[in-house]
Amino acid sequence: MKSLNSARPSTASVFSVRPSTRQRGIVVALSLAASLVGGSALAQAANVASPKSDTADEVAKRTVQKRTASAAKFGDRREKRAASLVGSSALAQNINTPNPKSGSADKVARSKTKEIAPFAKFENLRIKGMWVSIPGPADTVDQDKGGFRSALADVGIGYVGWTQNSFANNLLPNAARSTIANQLYNGQNPTFNTVNYLWVTYDLSRFGIPDGQIIVGTEQQSWTWQPGGPDRWGISTMAYYQTFFDRKVELKLGYLANQNEFAGTLVGGNAGANVFGPSSNILYQGGMSNNPAPTPAIDLKYNFDERLYNRATIQRSLSPDGQFTQVTQNPTGLDWSTPNAGLLLLDEAGYRTKAAAGSPDTWLRSGVGFNNSHYVNLANPTQPRVDQNSFYYVAADRQLWQTDVQGTASRGIYGGFSVMGAPPDRNKVSQYYELRVYAKGLFDSRPKDQIAIVATDTVWSNFAVAAAAAKGSLVHRDSKAISGTYTAHLAPGIYLNLGVSYIDHPTSITYTPQTGHALNFSASTAVFF
């Protein structure tokens with residue numbers, strides 16, 4: 001309509017106030033032509049003459065045109081309606097001509113705004129401070145049915161819950177099937193597990209606390225193979241969060257799961273697309289807390305700008321005897337400490353940019369941790385425990401190709417790597433390497449699906465390998481694996497993850513000829529509400 005209205009003054013001066021039928025036809029035709037040319041051309045023509053250089057005749061002419069256009073505006077309403085319809089149709093045709101397949105950026109933006117707007121009021125109630133992306137209310141099963149979520153939001157309460165149910169099985173014959181009690185690795189026998197979460201937030205910004213939020217979460221898990229878990233029900237987080245100095249500083253404290261705050265170990269960063277997958281034990285044996293094992297911690301993040309940051313924590317360490325021992329000794333997660341556990345100091349520096357039109361997603365990070373827990377000395381197991389440990393990691397992820405620049409910029413192909421290390425005389429896993437290639441929304445018909453191919457190499461402590469070999473066991477120095485997974489977004493809040501992993505030496509250090517290799521088929525569902 002802007003093009004049509006702009007064209008009217010330039011043509012109205014040749015007509016009387018009440019145009020004839022022939023003149024009406026000319027108006028319609030000229031309006032159509034003006035619409036096809038577009039508003040930009042008319043604007044350019046209007047700006048050619050400088051106001052300071054106009055002659056008296058030109059000023060008089062524009063005055064007559066303006067008065068005539070004003071009179072014509074209140075003329076025949078049928079003429080205006082017909083011209084408007086023709087002009088709008090032509091303008092729509094003109095907009096769609098360059099790329100009829102994908103539509104204009106404006107149409108995409110309007111569509112996304114329409115989709116997101118009803119859920120914008122919940123944005124401030126989503127969990128803050130984490131690097132991992134948990135689907136928002138728009139991508140849940142219940143969304144805001146019955147207005148329940150809105151009613152809670154009105155009093156400052158938000159929530160997210162989800163259930164993950166997984167299955168793994170070695171497809172190779174002669175896999176040395178055993179009883180569950182004697183199972184040596186995930187998938188040696190058909191292995192099932194379920195993990196269920198409910199996290200609730202309370203908005204403190206309504207009381208003037210910048211970005212203030214309280215987060216309380218619970219986690220329940222159950223495994224057919226207990227070393228994978230074990231079974232437990234307890235807290236997964238109890239945290240307070242706020243920012244200072246115009247979001248330069250972020251503070252988070254309480255019982256935290258720092259796996260969600262540091263390192264970035266999930267491929268693609270989406271909880272829905274990572275119900276299983278490769279990960280390194282180095283972070284956990286170094287003491288980093290996680291969802292089944294939260295510990296008291298204080299996290300501080302300083303944002304130098306929108307890209308550069310430094311994040312640090314002082315955290316009660318996990319048990320130096322491992323994740324299984326930690327959960328067994330403290331299943332609820334509420335105990336302040338566990339035997340032999342000390343403090344973990346961890347610092348991470350990073351550079352991160354979110355995907356935007358023409359700007360690919362990039363995340364570079366590196367961290368180092370120091371732990372004063374009482375660790376077994378693997379070089380001299382009979383000697384007293386030692387009181388120091390450390391680890392480091394370097395990781396990078398980069399969007400290599402954007403497939404929907406004007407729509408969802410995060411869609412595309414990514415590449416990344418991780419390198420981690422720890423002293424072999426304190427840690428059973430001393431090195432970890434990972435290469436990954438993954439795609440988000442590769443197909444237009446499946447814009448929220450993810451495909452990932454990941455290769456890993458887990459290197460065992462040379463001291464632990466030597467000790468096992470001295471006992472006459474078959475040993476291996478590392479465990480290599482390559483996996484391919486496809487995550488399908490089936491409906492709002494529902495994800496299906498299918499994968500196949502080939503693992504060379506799936507057991508820990510010692511093995512038998514029957515357990516030297518595994519080809520695990522995995523299937524998982526994640527449902528968010």
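For the single chain, residues carry numbers from 1 onward in sequence order.
- The pair Asp444-Arg411 counts as a salt bridge, with a side-chain nitrogen and a carboxylate oxygen less than 4.0 angstrom apart.
- For the pair Asp211 and Arg247, the salt-bridge criterion is met [side-chain N within less than 4.0 Å of a carboxylate O].
- With respect to the salt-bridge test (charged N to carboxylate O, under 4.0 angstrom), the residues Lys121 and Glu123 do not qualify.
- Distance alone, capped at 3.5 Å, places no donor-acceptor pair between the Gln315 side chain and the Tyr255 backbone.
- Aromatic ring orientation, Tyr393 versus Phe391: parallel (interplanar angle below 30°, classes split at 30° and 60°).
- Asp154 and Arg149 are not joined by a salt bridge, as no carboxylate oxygen comes within less than 4.0 angstrom of a charged side-chain nitrogen.
- Under a 3.5 Å cut-off, the side chain of Ser390 and the backbone N or O of Gly369 do not form any donor-acceptor pair.
- Counting only distance, with no hydrogens or angles, the side chain of Ser222 and the backbone of Asp231 share no donor-acceptor pair below 3.5 Å.
- A distance-only check finds no donor-acceptor pair linking the side chain of Asn380 to the backbone of Gln383 [under 3.5 Å].
- Between the side chains of Ser508 and Trp460, no donor-acceptor pair is found at a separation under 3.5 Å.
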Stepwise salt bridge (Lys or Arg N to Asp or Glu O under 4.0 Å) test for Arg436 and Asp397
CA-CA 9 Å; Arg436 49 190 174 269; Asp397 286 87; 2.9 Å; yes
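- The closest donor-acceptor contact from the side chain of Gln285 to the backbone of Val429 lies under 3.5 Å.
- Thr338 and Gln326 form a side-chain donor-acceptor contact under 3.5 Å, judged by distance and modelled atom types alone.
- Ring geometry for Phe148 versus Tyr159: interplanar angle of 30 to 60°, hence tilted.
- Under the 3.5 Å distance criterion, the side-chain polar atoms of Ser479 are matched with a main-chain donor or acceptor of His505.
- Contact check on Asp449 versus Lys440 returns no salt bridge, with no Lys/Arg side-chain nitrogen under 4.0 Å from an Asp/Glu carboxylate oxygen.
- Electrostatic pairing of Glu261 and Lys301 does not count as a salt bridge here, judged by no charged N lying under 4.0 Å from a carboxylate O.
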